[in-house]
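See below for the structure under consideration.
In what follows, every chain begins at residue 1, and chains take the letters A, B, ... in the order their sequences are listed.
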Amino acid sequence: MSEKILTTLALVPPGVVVSYGQLADLAGLPGRARYAGHCLKKTSEVVNWHRVLRSNGQIAFPENTLNYNLQCEKLKSEGVEVKNGRVNMKRFGWIPDTYTLLSVLKY
DNA sequence: CATCTGACCTAAT
DNA sequence: GATTAGGCCAGAT
């Protein structure tokens, strides 16, 4: 269950971001974005949780929190543009890398 | 057992 | 853009 989420997340390459919904989908749990988020919150394992955003590209934390800043920092260090706590990621207008990611993960 | 809450999403105002 | 309404589900109270 939650392992699915974590393993799927572990496959996300650097420089690529996914939303909770996408993550849940790829993990075989359609419509359970919330569950994905819950898993990340609950797990204490070291995973690349910083590559997970909301569907609109916004950071899932309130501003000026520790996690918020940390996530921004990590994303930037991976070459992801973060402006005003948000990543340029229009719905259905995914960056090409995401497509490759999808095709890889669909296996 | 009932209710709230939240690292959520989509569609329609 | 903003707001509302509905759906979703595991924990906490």
Using whole Å, what does the distance between atom [atom2] of nucleotide [N] and atom [atom1] of [X] come to?
X: A/Ile5; N: C/dC9; atom1: CD1; atom2: P; result: 13 Å
X: A/Asn56; N: C/dT3; atom1: CG; atom2: P; result: 14 Å
X: A/Gln22; N: B/dT10; atom1: CD; atom2: C1'; result: 14 Å
X: A/Leu29; N: C/dA10; atom1: CG; atom2: C1'; result: 13 Å
X: A/Leu66; N: B/dA7; atom1: CG; atom2: C1'; result: 14 Å
X: A/Lys41; N: C/dG11; atom1: NZ; atom2: P; result: 9 Å
X: A/Tyr20; N: C/dC9; atom1: OH; atom2: C1'; result: 16 Å
X: A/Asp25; N: C/dC8; atom1: CG; atom2: C1'; result: 13 Å

Taking NZ, NE, NH1 and NH2 as the nitrogens, is one of them in A/Glu78 or A/Arg51 under 4.0 Å from a carboxylate oxygen of the other?
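Yes, this pair counts.
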Checking A/Gln71 side chain against A/Val52 main chain: does a donor-acceptor pair fall under 3.5 Å?
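Indeed, once roles are kept as given, a pair shorter than 3.5 Å links the two residues.
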Do A/Asn84 side-chain atoms and A/Arg86 backbone N/O form a donor-acceptor pair below 3.5 Å?
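A pair under 3.5 Å: no.
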Go through [options] for me and flag the one nearest to the [X] side chain.
X: A/Ala60; options: B/dA7, C/dG7, B/dC9; answer: B/dA7
X: A/Ser55; options: B/dA7, B/dG6, B/dT10; answer: B/dT10
X: A/Ser19; options: B/dA7, B/dC9, C/dG11; answer: B/dC9
X: A/Lys42; options: B/dC9, C/dG11, C/dG1; answer: C/dG11

B/dC8 phosphate, OP1 or OP2: any side-chain N/O from A/Arg54 under 4.0 angstrom?
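So the side chain of A/Arg54 is within the cut-off, an N or O lying under 4.0 Å from OP1 or OP2 of B/dC8.
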Under 4.0 Å between a side-chain N/O of A/Arg32 and OP1 or OP2 of B/dG6, yes or no?
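The answer is no; no side-chain N or O of A/Arg32 sits under 4.0 Å from OP1 or OP2.
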Does A/Leu40 reach the side chain of A/Leu9, with side-chain heavy atoms less than 4.5 Å apart?
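Sidechains of A/Leu9 and A/Leu40: in contact.
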Hey, does the side-chain of A/Tyr35 have a donor or acceptor N/O within less than 3.5 Å of a partner on the base of C/dA10?
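Answer no: no donor N or O sits under 3.5 Å from an acceptor.
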Base C/dC9 to side chain A/Arg34, donor-acceptor N/O within 3.5 Å cut-off
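When only heavy-atom distances are counted, A/Arg34 does not reach the base of C/dC9 through any donor-acceptor pair under 3.5 Å.
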Between B/dA7 and C/dG6 - P atom distance, rounded Å:
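Their P atoms lie roughly 23 Å apart.
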Which part of the nucleic acid does A/Arg51 contact within heavy-atom distance under 4.0 Å: base, sugar-phosphate only, or nothing?
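The residue A/Arg51 makes no contact with any strand.
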Exactly one of A/Asn88, A/Val82, A/Leu75 should register a side-chain contact (heavy atoms from CB on, under 4.5 Å) with A/Val17. Which one does?
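For A/Val17, the side-chain contact (heavy atoms from CB on, under 4.5 Å) test succeeds with only one of A/Asn88, A/Val82, A/Leu75, which is A/Leu75.
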Name the residue closer to the 5' end of DNA chain C, choosing between A/Arg86 and A/His38 according to the nucleotide with the nearest heavy atom.
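Closest to the 5' end, via its nearest nucleotide, is A/Arg86.
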